[in-house]
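Since the structure comes first, as structure tokens, the remarks are kept for the end.
Chain naming here is simple, since letters A, B, ... match the order of the sequence lines and numbering starts at 1 in each.
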Amino acid sequence: MGSETDPQSVRREKLAALEERGVDPYPASWRVDDTAADLLAGFRDEGPPHAARVGGRVVSMRSHGKTAFLHIADGSGRIQVYLRRDELGDEAYSLVDHIDLGDFVGVAGELFRTRTGEVTVRAREVAILAKALRPLPLGKVVEDGGEARAYHQVSDQEFRYRQRYADLAVHPETRKVFEARARVIRYLRNFLDARGFLEVETPALQPVYGGAAARPFTTHHNALDSTLYLRIADELYLKRCVVGGIDRVYEIAKDFRNEGMDRFHNPEFTMLEFYQAYADYRDFMELAEEMLVGLVAELHGGTALSFQGRSVDVRRPWPRIRFLDALAAEGVDVSDLSRPALASEAARFGLEITPDEGAGKILDGLFGRLVEPALAGPAFVVDHPAVLSPLAKAHRDDPRLVERFEAYLFGSEWANAFSELNDPRDQRARLEAQVRQAADGDEEAPNVVDEDFLRALEYGMPPTAGMGVGVDRLVMFLTDQPSIRDVILFPTLRPEGSAT
RNA sequence: GGGCCCCUAACUCAACGGUAGAGUAUCGGCCUUUUAAGCCGAGAGUUGUGGGUUCGAAUCCCACGGGGCCCA
């Protein structure tokens, strides 16, 4: 295969040539004193020359015979390097012939400003730090008055998701998304820490799954010879913590749901859940508003947020829309919440339902079709029917409803909260009803009652509010990324059939 | 689960039933302040895979694979 101009063969040949000269193409270390960004920021035209010692990946190269310019990129940004044969000597300069785009190099020298005005490291010493055997699809990037114009960048989404390492190496803006993601998570942690919440870790491997309606991933523990499930939610364990007296508790963790994948769903995703004793869902609406307003200010300043061409203002307070009122406003008859009545309403609105879908599913479907798309600005949907929410407390004013809200943004739910159900008798009845649903074919209902959870509730759980936040989706909104795969470093993909 | 769209050189794209091309990248040559460096020259493809229609298929049809978008 290896014709002489095939990039990978060429690189292997250069590597062999280096080793023949006694140059280690993968040295153990190279002391770095500076980052590209610091050097550029700290440069002064007057005064003695500023020493510079950097390392980075070669992302562009212009060789002129006895001189060469290249740009190297480190974690902070990129900086130009200027190599002269008369200053480096023939032997050191000949390294230039063995450097390819994508190689890591170390450069020591001093800063100067070129004729065209770019702050540049004039090299006194050059070393190859790691030879790249595989070419990166490096497009050309031109700094144009602060704006980086890029040419011929890889646009193939599959490549970007499957080879995120190359995507990151080639697209600085991809890294920006993940820096923003880290800021979001840091903000959430600080937000809760500052309010006295304790961060905990609960099991990802669970003998009984619960806390949400979803099909689980199933696995097996060999030593115990027992089936275990990857958690679909943290809820039931965090409530156990509240039973134990951790009045304010939270967890940021991966949940796993064995369901379809799309722009808003990845099989493993990051969930924040937090619980506060002696609070109710109304308190948490305030908290949700504070949280999002704070995040928007943290990431963008101000209260404006744009997502995929739509712009909203997140200023408080947000409208509170009662679930059944919203459906009624669309013409749905919600006077009878029995399954037959709802099924006929669904038919009237052209919503197909299957026999195993209960009243809750139908309500959910009607709501998703008729109401959700219109919820562009921040809003709370509140007071859901009890059938939809087996873990929420019955509404103090209307026993058909529960004390629950979902926070919406850009037509999509990003948070879900209840006044938590703490009556162990009511909770048992609802969990047993779920198991019956499972027996009737509902694959999203848990198949056994979590007796240990009920035991915990029987010891007594104070009145408590709880909220779950889909962190990935929140990051999508805050970073204006169109797909959940753009905010997960290594999203789930179908396994590659054949390599290379 | 259903519908629509995409897959051509390493990258970005053209060719839309009649010989598969360009720019970048790569390779060789020249070049001591360039920056999408420049000039001269070269190599590079089982057009995602498999089948079919046709004198002839990247192009039309079918299946499969992968991806994207929309809907359930």
Side-chain angles (χ1 to χ4, degrees), chain A residues 1-14 58-72 78-88 90 93 96-102 112-123 132-145 147-163 166-167 169-171 259-265 308 346 349-354 357 361-362 364-369 372-373 411 443 482-486 491-500:
Chain A
M1 262 286 210
S3 79
E4 281 178 8
T5 57
D6 160 54
Q8 295 199 43
S9 307
V10 168
R11 284 161 186 252
R12 283 176 197 282
E13 282 161 20
K14 288 182 182 174
V58 177
V59 293
S60 74
M61 189 154 49
R62 294 171 296 284
S63 166
H64 297 253
K66 298 188 181 67
T67 66
F69 288 91
L70 46 88
H71 277 92
I72 63 173
R78 54 171 63 201
I79 191 166
Q80 183 167 256
V81 173
Y82 179 45
L83 306 168
R84 292 174 63 102
R85 186 151 93 177
D86 58 0
E87 291 175 2
L88 284 163
D90 289 356
Y93 189 81
V96 170
D97 295 332
H98 299 84
I99 293 174
D100 292 301
L101 289 182
F112 77 112
R113 192 183 288 278
T114 64
R115 218 176 263 166
T116 53
E118 181 163 352
V119 175
T120 300
V121 180
R122 184 187 214 100
L133 292 181
R134 191 181 285 267
L136 282 167
L138 280 160
K140 299 212 166 181
V141 176
V142 189
E143 311 288 341
D144 184 14
E147 297 235 334
R149 276 187 302 157
Y151 298 84
H152 301 121
Q153 292 212 297
V154 187
S155 63
D156 179 26
Q157 291 295 76
E158 182 178 2
F159 170 85
R160 301 185 64 171
Y161 299 150
R162 283 200 195 279
Q163 302 189 40
D167 178 31
V170 160
H171 298 131
E259 300 177 333
M261 300 153 57
D262 62 29
R263 210 152 71 79
F264 286 103
H265 298 89
Q308 301 296 295
F349 285 92
L351 185 72
E352 285 179 33
I353 54 169
T354 57
E357 287 181 334
K361 270 283 171 109
I362 298 171
D364 209 25
L366 284 168
F367 190 85
R369 165 169 303 192
E372 267 187 22
E443 290 184 315
S483 167
I484 197 168
R485 289 176 164 181
D486 297 315
T492 305
L493 296 174
R494 206 176 286 275
E496 280 184 281
S498 55
T500 321

Among residues at least two apart in sequence or on other chains, which ones pass salt bridge (Lys or Arg N to Asp or Glu O under 4.0 Å) with A/Asp364? none

RNA chain B: A/Arg84 or A/Ser155, which has the more 5' nearest nucleotide? A/Ser155

Does a nitrogen or oxygen in the side chain of A/Arg62 sit under 4.0 Å from OP1 or OP2 of B/A37? yes

Just the rounded figure in Å: distance from P of B/A37 to CG of A/Leu70. 12 Å

My validator wants the stems of RNA chain B: runs of 3 or more consecutive Watson-Crick or G-U pairs, both distances under 3.5 Å, written as range with range. B:1-7 with B:65-71, B:10-13 with B:21-24, B:26-30 with B:38-42, B:48-52 with B:60-64

In chain order, what residues pass the salt bridge (Lys or Arg N to Asp or Glu O under 4.0 Å) check against A/Asp486, with sequence neighbours excluded? none

With rounding to the closest Å, how many angstrom separate the P atoms on B/U8 and B/U49? 10 Å

Would you list the protein and nucleotides 68-71 of chain B atom pairs, both N or O, that sit under 3.5 Å from each other?
{"from": "B/G68", "atom 1": "OP1", "to": "A/Arg485", "atom 2": "NH1", "distance (Å)": "2.3"}
{"from": "B/G68", "atom 1": "OP2", "to": "A/Arg485", "atom 2": "NH1", "distance (Å)": "2.7"}
{"from": "B/C70", "atom 1": "OP1", "to": "A/Arg263", "atom 2": "NE", "distance (Å)": "3.4"}
{"from": "B/C70", "atom 1": "OP1", "to": "A/Arg263", "atom 2": "NH2", "distance (Å)": "3.4"}
{"from": "B/C70", "atom 1": "OP2", "to": "A/Arg263", "atom 2": "NE", "distance (Å)": "2.7"}

Contacts of A/Thr114 meeting side-chain hydrogen bond (donor to acceptor under 3.5 Å, both in side chains) (sequence neighbours excluded), chain-then-number -> A/Thr116

Euclidean distance, atom CD of residue A/Gln80 to atom P of B/A36 [Å, nearest integer]: 11 Å

Run the side chain to side chain contact (heavy atoms under 4.5 Å, CB included) test against A/Pro135 and tell me which residues pass, sequence neighbours left out. A/Pro7, A/Gln8, A/Arg11

Is A/Thr114 near enough to B/U34 that one of its side-chain N or O atoms lies under 4.0 angstrom from OP1 or OP2? no

For A/Arg485, all residues meeting salt bridge (Lys or Arg N to Asp or Glu O under 4.0 Å), sequence neighbours excluded: none

Out of B/C27, B/U33, B/A25, which nucleotide sits closest to the side chain of A/Lys14? B/C27

Sequence neighbours excluded, the answer for side chain to side chain contact (heavy atoms under 4.5 Å, CB included) partners of A/Arg113 is A/Phe43, A/Asp45, A/Val119

Expressed as a whole number of Å, how far does the C1' atom of B/C69 sit from that of B/A58? 24 Å

A/Leu138 CG to B/A25 P: how many Å, rounded? 11 Å

Which residues satisfy the salt bridge (Lys or Arg N to Asp or Glu O under 4.0 Å) test with A/Glu87, sequence neighbours excluded? A/Arg84, A/Arg122, A/Arg124

A/Met61 has an atom CE; how far is it from atom P of B/U26, in whole Å? 7 Å

Separation of the C1' atoms in B/G28 and B/C16, to the nearest angstrom: 37 Å

Kindly say whether A/Thr492 contributes a backbone atom to a donor-acceptor pair with the side chain of A/Tyr161 at under 3.5 angstrom? no

Phosphate OP1/OP2 of B/G67: any A/Arg162 side-chain N/O under 4.0 Å: yes

